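Okay, so here's the structure we're looking at.
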Amino acid sequence: METIQKIKGTHDILPDTSGDWRLLEKTIHRIMQRYGFQEIRTPIFEATNLFARGIGQLTDIVSKEMYTFEDRGKKSLTLKPEGTAPVIRAFIENSLGEKRPINKLYYISPMFRQENPQAGRFRQFHQFGAELIGSPEPFADVETILNVLDIYKSLGLSSFTIKLNSVGDENCREQYKNALRDYLRPRLSKLCKTCQERFESNPMRVFDCKEAGCIAETEAAPRMLDHLDQASADHFEKVCALLDQHQVAYELDYRLVRGLDYYTRTAYEVVSNALGSQNALGGGGRYDLLTQELGGKPTPAVGYAAGIERLLMVLREEKLLTDNSLSLDVFIASIGEKAQEWASKTARLLRDNEISADMDLLGRSLKAQMKEANRSNAKFALIVGEQELESGQLTLRNLQQSEQTEVNSADLVGAIRKHLDAKFK
RNA sequence: GUGGGCGUAGCUCAGCUUGGUAGAGCACCAGAUUGUGGCUCUGGUGGUCGCGGGUUCAAAUCCCGUCGCUCACCCCA
């Protein structure tokens, strides 16, 4: 029989690593709460238009990476490739902006992009992200940066760099693009093919290119930072000043142009020093025009998205993940059918009392059951056979210290709890 | 979409150059220990060598095709 394999670029998270995910998610929830961000969960798929309009028709994501399909009613749906557009859609649809002037929302969610997988890049991957909706102030930009850094810090991570740039806004970007085009036009033939295509549609993306020729040609090109209008310049200056006050180290990177069209003013990226080719841990920025682009009232907003798989890769690399596997309190090893029945009843009793318990389900030898107890990472083995059933005196073995004592079956829960508290708390 | 590397036991891999009965470590099972795990020792289970075709007396090994995985490019998380 032919076996069925997982879809390319997807992964099973097995019990030996799901504990790492739990730790990460727990940390994210904790820090988000500490910052006043509230969780939002949006559907896994959306109307295709949401992304086409929100992210931008010409972006790589929309033009070649989306999982788009028709449902039975011929409606075009898309598995979400990123989190911001759905959050803003929900923000508008549920009139969250009418209920309070500021909404601080966060999510943890799978995302889908149909790219060729490689180290740190998958077709289904997971992001956590925060969106601060309603404030145009630099304080808001900084709030999101501090938030993501705090999550990394809480996990012990320190090997990363923050890159910062401003991509301007509607009042100065078009003017700048024209200045950039004027500079690039005579050098067009020296640029790579994709950059020649970018020249008309989105010349700023030329800075993103890694071709040596394109890098060289844009070295002396006019930079957005020098062409900001007063308001955007002030905004950027304030963001930098606040980061300085918070003693957050960052690098100005005039080449940082993020791949999504909706960014305005602040753009930032957190880059790992410990990853391979795909080294962006997270990125974000301000997107003051997105809400109206999606049909809502003009509402300023800023936020970021960060990759969970890449974060796990770095944490693994830096040896910052300790053993997060769950352990069992008690494994009941029984000898004989009567004892096995007793084990079943007792396991239930213990579980009713918040003590995790497991038992043999294969009728194995005591030795094999002890081995199983060890494999389950159990703290105690409770051994019961004919003798114990008659006397009511059971053997409780501490598997980590290899010591055992007798406990009375009359107050089993109390006795086990006492031993758990004494040795494991 | 394009290029490189790799597909042999549940896992990590050796064997391929120079064709000749398919191996190791770990894991799993059992025994040493007749009712006690982890350590040690002994034994055991487990493989149409990714799949299809070709060359050959003979193919894991050589040739062709194909599928899968992986890394990289593009771009991003």
Side-chain angles (χ1 to χ4, degrees), chain A residues 2-11 14 16 55 58-65 80-84 108-129 148 160 192-195 197-198 202 205 208-211 214 256-260 269-272 275-284 304-314 328 331-336 339 360 362 364-389 394-404:
Chain A
E2 196 180 318
T3 58
I4 297 171
Q5 298 179 61
K6 64 177 179 287
I7 302 300
K8 183 204 283 281
T10 66
H11 291 283
L14 300 176
D16 63 345
I55 304 173
L58 297 172
T59 59
D60 286 5
I61 292 179
V62 173
S63 64
K64 57 184 195 198
E65 296 171 3
K80 57 180 166 183
E82 63 101 44
T84 300
I108 302 175
S109 170
M111 303 293 171
F112 305 84
R113 292 184 201 171
Q114 197 164 170
E115 302 176 85
N116 257 346
Q118 69 186 75
R121 194 176 66 186
F122 317 107
R123 292 187 166 186
Q124 174 174 347
F125 60 102
H126 298 76
Q127 291 184 328
F128 66 93
V148 68
F160 55 78
C192 73
K193 228 178 182 163
T194 30
C195 282
E197 285 165 21
R198 285 165 175 156
N202 191 353
R205 289 286 294 286
D208 229 5
C209 188
K210 277 154 196 142
E211 292 278 335
C214 298
L256 179 63
V257 184
R258 310 211 11 97
L260 294 77
E269 206 166 280
V270 184
V271 180
S272 167
L275 280 181
S277 186
Q278 307 303 320
N279 65 350
L281 274 177
Y304 70 83
I308 291 183
E309 284 87 352
R310 289 185 190 175
L311 179 53
L312 281 169
M313 286 168 74
V314 185
L328 191 69
F331 188 96
I332 307 173
S334 57
I335 304 128
D360 173 56
L362 289 172
R364 283 174 286 187
S365 70
L366 180 62
K367 184 187 171 71
Q369 292 183 55
M370 291 301 288
K371 223 174 157 178
E372 186 65 44
N374 192 59
R375 197 165 17 220
S376 305
N377 204 9
K379 299 184 178 90
F380 290 98
L382 183 64
I383 300 167
V384 55
E386 300 289 326
Q387 303 159 24
E388 286 85 350
L389 279 186
L394 309 166
T395 304
L396 185 67
R397 181 174 178 84
N398 182 326
L399 291 173
Q400 275 158 47
Q401 299 176 350
S402 301
E403 295 166 356
Q404 57 189 46

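Naming: A, B, ... by sequence-line order, numbering from 1 per chain. None of the values given here were measured: they were computed from a predicted structure.
In a base pair of the Watson-Crick type (N1 to N3 plus N6-O4 or O6-N4) or a G-U wobble (N1-O2 and O6-N3), with each distance short of 3.5 Å, B:rU40 is matched with B:rA32. Remark: B:rU21 base-pairs with no nucleotide in the shown strands. Criterion, Watson-Crick or G-U wobble with two distances under 3.5 Å. Across every strand in view, B:rC75 sits unpaired, with no contact that passes the Watson-Crick or G-U test at under 3.5 angstrom. Across the strands present, B:rC62 finds its partner in B:rG54; the criterion is a Watson-Crick or G-U wobble pair with both atom distances under 3.5 angstrom. Pair assignment for B:rA27: none, as no Watson-Crick or G-U wobble contacts are both less than 3.5 Å. In a base pair of the Watson-Crick type (N1 to N3 plus N6-O4 or O6-N4) or a G-U wobble (N1-O2 and O6-N3), with each distance short of 3.5 Å, B:rU45 is matched with no nucleotide.
Residue order along RNA chain B, read from the 5' end via each residue's closest nucleotide, puts A:Ala119 first among A:Ala119 and A:Gly307. Between A:Ala378 and A:Phe125, the residue whose closest nucleotide on RNA chain B is further toward the 5' end is A:Ala378.
When all heavy atoms of A:Met370 and A:Ala333 are compared, the pair lying nearest together is SD-CB, 4.5 Å. When all heavy atoms are compared, the tightest approach of A:Ile7 to A:Thr10 is O-OG1, 2.6 Å. The shortest non-hydrogen separation linking A:Phe331 to A:Ala378 is CB-CB, 4.0 Å. Minimum interatomic distance between A:Cys192 and A:Cys214 (heavy atoms only, all atoms of both residues): N-SG, 3.3 Å.
A:Gln387 comes within contact range of at least one nucleobase, with a heavy-atom separation under 4.0 Å. Contact annotation for A:Phe331: no contact, since no heavy-atom pair falls under 4.0 Å across all strands. Here A:Gly120 lies in heavy-atom contact (under 4.0 Å) with a base. At a threshold of 4.0 angstrom between heavy atoms, the contacts of A:Glu388 include nucleobase atoms, whether or not backbone atoms are also involved. Residue contacts shown for A:Gln369 are absent, as no nucleic acid heavy atom lies under 4.0 Å away. A:Glu115 comes within 4.0 angstrom of a base, heavy atoms only. When heavy atoms are screened at a 4.0 angstrom cut-off, A:Arg375 is found touching the sugar-phosphate backbone but no base atom. At a threshold of 4.0 angstrom between heavy atoms, the contacts of A:Ile61 with the nucleic acid are absent. In this structure, A:Arg364 reaches neither bases nor backbone, as no heavy-atom distance under 4.0 Å exists between it and the strands shown. Note on A:Arg198: only backbone sugar-phosphate atoms sit closer than 4.0 angstrom, heavy atoms only; bases stay farther off.
The backbone N or O of A:Ser109 sits nowhere less than 3.5 Å from a side-chain atom of A:Gln127 that would complete a donor-acceptor pair. Side-chain atoms of A:Arg310 come within 3.5 Å of backbone atoms of A:Ala280 as a donor-acceptor pair (strictly under, hydrogens ignored). Side-chain atoms of A:Arg397 do not come within 3.5 Å of backbone N or O of A:Gln404 as any donor-acceptor pair. Proximity of a side-chain donor or acceptor of A:Gln369 to a complementary backbone N or O of A:Arg364 within less than 3.5 Å is detected.
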Tabulated below should be each protein N or O lying under 3.5 Å from an N or O of nucleotides 39-41 of chain B; please produce it.
none

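The A:Ser402 side chain lies nearest to B:rG37 when the options are B:rA77, B:rG37, B:rC71. Considering only side-chain atoms of A:Gln404, the nucleotide from B:rU36, B:rC71, B:rA77 that sits closest is B:rU36. In the set B:rC73, B:rA77, B:rC74, the nucleotide with an atom closest to the side chain of A:Asn116 is B:rC73. If you check B:rG38, B:rC74, B:rA77 against the side chain of A:Asn374, the one that comes closest is B:rG38. In the set B:rA77, B:rA32, B:rG35, the nucleotide with an atom closest to the side chain of A:Arg258 is B:rA77. Nearest to the side chain of A:Leu366, among B:rA77, B:rG37, B:rG35, sits B:rG35. If you check B:rC73, B:rA77, B:rG35 against the side chain of A:Ile335, the one that comes closest is B:rG35. Listed nucleotides B:rC71, B:rG68, B:rA77 differ in distance to A:Gln127; the shortest reach to its side chain belongs to B:rA77. When the nucleotides B:rU70, B:rC76, B:rG35 are ranked by their closest atom to the side chain of A:Asp208, B:rC76 comes out on top. For A:Arg397, the listed nucleotide lying nearest its side chain is B:rU36; candidates were B:rC76, B:rA77, B:rU36.
Straight-line distance between the C1' atoms of B:rG46 and B:rG10: roughly 9 Å, to the nearest whole Å. The same atom, C1', is picked in B:rG68 and in B:rU55; the two are 26 Å apart, to the nearest Å. Using C1' as the reference atom, B:rC62 and B:rG44 are 37 Å apart when rounded to the nearest Å. For the C1' atoms, the distance linking B:rU21 with B:rG4 amounts to 36 Å, nearest Å. To the nearest whole angstrom, the two P atoms, one in B:rA22 and one in B:rU40, are 32 Å apart. Spacing between B:rG52 and B:rC11 at atom C1', rounded to whole Å, works out to 28 Å. B:rU18 and B:rU56 have their C1' atoms separated by 16 Å, with the value rounded to a whole Å. Taking the P atoms as reference points, B:rC73 lies 26 Å from B:rA14, given to the whole Å.
Counted within 6.0 Å of CG on A:Leu14, heavy atoms from surrounding residues, nucleotides or ligands total more than 12; the atom is thus considered enclosed.
On a pure distance criterion of 3.5 Å, a polar donor-acceptor pair joins the side chain of A:Arg121 and the base of B:rC75. Under 3.5 Å, the side chain of A:Gln278 and the base of B:rC75 form at least one donor-acceptor pair of N or O atoms. The base of B:rC74 sits with one of its N or O atoms less than 3.5 Å from a complementary donor or acceptor on the side chain of A:Gln118.
Separating the CG atom of A:Asn279 from the P atom of B:rC74 is a distance of 12 Å, rounded to the nearest angstrom. The distance from atom CE of A:Met370 to atom C1' of B:rC29 is 18 Å, rounded to the nearest whole Å.
Side-chain N/O atoms of A:Lys371 include one lying less than 4.0 angstrom from OP1 or OP2 on B:rC29. Close to B:rG1, at under 4.0 Å from its OP1 or OP2, lies no side-chain N or O of A:Lys64. Within the 4.0 Å cut-off from OP1 or OP2 of B:rG37, at least one side-chain nitrogen or oxygen of A:Lys367 is found.
Residue A:Glu309 holds its CD atom at 13.5 Å from CZ of A:Arg121, rounded to the nearest 0.5 Å. Atom OG1 in A:Thr194 sits 9.5 Å away from atom CZ in A:Arg205 (nearest 0.5 Å). Atoms CD1 and CG, on A:Ile55 and A:Asp60 in that order, are 11.5 Å from each other to the nearest 0.5 Å.
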